[in-house]
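A quick write-up on the structure given underneath.
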There are 2 protein chains.
Amino acid sequence: MNMRRTTIKDVAEAAGVGVATVSRVLSGGSASPETRERVLNVAAQLDYRPSALGRNLRQRRSGGIGLLLPDITDTFYGRLADGVLTCARSAGEPVILGATGDDPEREAELIGTLLEQGVDRVIAVPSGDGDGWAPTLRAGLTTVFAHRLSPGHADIPTVLADDRAGIRTAVDYLTGLGHRRIAYLGGPGQEQRLSFFRLALGPLVDEELIVVARGSRDSAYAAAAGLFQHRPDLTAVLAGGNLLGEAAVLAARELDLRIPRDLSLIMFDDVPWAELCAPPLTVIAQPAQDIGYRAAELVLRGGTRRPRGVLLPTELIVRGSCAARGTSRSPR
Amino acid sequence: MNMRRTTIKDVAEAAGVGVATVSRVLSGGSASPETRERVLNVAAQLDYRPSALGRNLRQRRSGGIGLLLPDITDTFYGRLADGVLTCARSAGEPVILGATGDDPEREAELIGTLLEQGVDRVIAVPSGDGDGWAPTLRAGLTTVFAHRLSPGHADIPTVLADDRAGIRTAVDYLTGLGHRRIAYLGGPGQEQRLSFFRLALGPLVDEELIVVARGSRDSAYAAAAGLFQHRPDLTAVLAGGNLLGEAAVLAARELDLRIPRDLSLIMFDDVPWAELCAPPLTVIAQPAQDIGYRAAELVLRGGTRRPRGVLLPTELIVRGSCAARGTSRSPR
DNA sequence: CATGTTCATGGAAACGATTCCATCATGCTT
DNA sequence: AAGCATGATGGAATCGTTTCCATGAACATG
């Protein structure tokens, strides 16, 4: 009944060699062809699988990649996670997932758990201002940031969508349609995007039209509704994420603002339901999956080379949520 | 520069006790009050965190929970994962995530990885007919199934939404509206639901109106479009998942079938966009998060008691995607 | 006072891999 | 033929923890 796992010792014994030899053969070290074959045969025979436990202890690091996301419920992060998973699977590495809720404290706690587990490679969408990362990095974690960069850590490789171009294109599109009072509805950790928005808008920028919500759905809805009520003169809004976009659509509907007649909307991230919406939403598509995949590649490549980071293209997908601000309509 | 981690030995030395005592104190064993305090102080002082690596090896199991989902991109599973994460976090346990893609082979491969890591607790949405699980269970994994039960493994604790009641309610609602030719659009692993559907429909059941797609979006769309084209006489459809629902809406639009005028639709799973859809979708809401949370509770409780499983309530949320099949409309 | 019981305690043996190092055989050079 | 480089090999140390076991003290019971 006592089904002990077969260990390297069993294999060594059965093959008539030392454990060292088995270890070498299995991890690609040098060995004579005959020995190699014999060991491999025996290993296969016994269905031997090296225990990660022993290896990890010896090497003082567990394999595996830590993945820290604000919210796994958000489709965008779901797709990002999927990219990471895909890459990790092809490398045979397990992925440990944690949800930070965009809370630096929780993030720090999760990092603690990871360190305890001996995880030494982390992919994260950093929350907060990134102060919490300093001790982590000193602890020797190979870190890659995804989707957001952290203000204080320009040295950490980061995989980003080209928000600058995305926003520029979107804003140009809107101004081209005649819009002048364009609002930005943002979420946590979007300082970067915000500055791009200001840049793209130039002299048209109106600080009152820039609203930042916290991470939750409620907060997003409140922000959108507040914005629309407070400034009924705005004609277009750029939502910095699918949660924000959802909130904008909901709030607009509630306030009886028709999209796109009364309000043009562009949303970040091309989620499947953007097409199902009425009207279908014009979006800035981000390669969420790719972001995850590339981040995983970077973190797996490890400390060897340290690429500066990766910038992936975004794409404006025009559907039906933006209308021209013609001269025909009277300015109230 | 050589910042060695502080080990239990360091703590023992600094506190003037043996390592065994430190270990006992830290894991709640017996020790004299003075010693206990001294050790705790020193440990705090040195910022000692026990390495999971050593412990895992000794105990021949890594903590941690394996979570195997068909597709982390699907909001439903995202929410389920969130539930698991929430519960696991409160227990301080890491969660290792794997995406099976509803492919038993990939599932088996992932289980292999988990075993290699010494993971001994798994929450899974089982794919396939569950044959692959027999060896796993023999290996002593504490397993909990979520969302789907596995045909061959009635003995494994399983957390399910009450599909039977959900389907019954939905079907009753549709028949009450006068629908007679009701289709079912299912995904992989829904044998259970299918049988409930047949049961609920009774003599009205029409096997030709039951279509099962594979997991992908394309496959779902093809199934929906095929169904609608092949049987234009159907008046209502029950979509067994949000991907299927999405496909149904898309296919209907493509074929110029108006919802709900030409086609009534009820979708399993209340995703946020159901409300944004035009018209808003009537859905059978499932407590995805709870399913995950409860599954995590069960798997953490472990082998002690073996509860039969958990059945969580579903709810029919009526929005605007179903219309009465009045006598006014001519039967083509 | 002798004996048994109950504790707290520390040394040492696991756990299962990797890897350093010494050993030995072999083949090549001079 | 002696010396040397090369390569295969196995023993043993190591990683950081938990846990078994022996020890000794303190205390209670007869």
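The C1' atoms of five pairs define one axis at each end of the helix from C:dC1-D:dG30 to C:dT30-D:dA1, and these two axes lie 50° apart (to 10°).
Qualifying ring-ring contact (aromatic ring centres under 6.0 Å, His included) partners for B:Phe76, counting only residues two or more places apart in sequence or in other chains: B:His147. For the side chain to side chain donor-acceptor pair (under 3.5 Å) test, residues two or more places apart in sequence or in another chain that qualify with B:Ser127 are B:Glu107. In this view, A:Arg148 and A:Asp102 satisfy the side chain to side chain donor-acceptor pair (under 3.5 Å) rule, not counting sequence neighbours.
Within the structure, every pair that satisfies the side chain to side chain donor-acceptor pair (under 3.5 Å) test and touches residues 63-90 of chain B, not counting sequence neighbours, is listed here: A:Glu109-B:Arg89, B:Asp74-B:Asn242, B:Arg79-B:Asp269, B:Asp82-B:Gln289. Screening residues 108-137 of chain A for ring pair (Phe, Tyr, Trp, His ring centres under 6.0 Å) gives A:Trp133-A:Phe145 as the qualifying pairs, with residues at least two apart or on separate chains. Applying the ring pair (Phe, Tyr, Trp, His ring centres under 6.0 Å) rule to pairs touching residues 16-41 of chain B yields nothing, sequence neighbours excluded.
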Enumerate, atom names and distances included, each donor-acceptor pair closer than 3.5 Å involving a side-chain atom of residues 118-125 of chain B, sequence neighbours excluded.
residue  : atom : partner : partner atom : Å
B:Asp120 : OD2  : B:Arg61 : NE           : 3.2
B:Arg121 : NH2  : B:Glu93 : OE1          : 3.3
B:Arg121 : NH2  : B:Glu93 : OE2          : 3.0

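With a heavy-atom cut-off of 4.0 Å to chain A, the contacted part of DNA chain D has its first and last nucleotide at D:dA8 to D:dG16.
The backbone N or O of A:Ala31 sits nowhere less than 3.5 Å from a side-chain atom of A:Thr35 that would complete a donor-acceptor pair. Side chain of B:Ser219 to backbone of B:Gly215: no donor-acceptor contact under 3.5 angstrom is found. Within the 3.5 Å criterion, the main-chain N or O of A:Gly187 finds a donor-acceptor partner in the side chain of A:Gln190. With hydrogens and angles ignored, the 3.5 Å screen pairs a side-chain donor or acceptor of B:Arg5 with a backbone N or O of B:Arg49.
Looking at B:Ile65 and B:Pro94, their side chains never come closer than 4.5 Å, going by heavy atoms from C-beta outward. Using a 4.5 Å heavy-atom cutoff, the side chains of B:Ile156 and B:Ser150 are not in contact.
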How would nucleotides 13-24 of chain C be written as a contact map, 5' to 3', with B for base contact, S for sugar-phosphate-only contact and - for no contact, using protein heavy atoms under 4.0 Å? BBBBBBB-----

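In this structure, B:Ser30 OG and B:Arg24 CZ are separated by 6.5 Å, a value rounded to the nearest 0.5 Å. A:Ile72 contributes atom CD1, which lies 7.0 Å from atom CG of B:Leu97 (distance to the nearest 0.5 angstrom).
In the region residues 31-42 of chain B, proximity to DNA chain C at under 4.0 angstrom, judged on heavy atoms, holds for B:Ala31, B:Ser32, B:Thr35.
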Expected rows: protein N/O vs nucleotides 25-27 of chain C N/O, under 3.5 Å:
none

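Counting non-hydrogen atoms under 4.0 angstrom, B:Gly16 reaches the backbone sugars and phosphates but no base.
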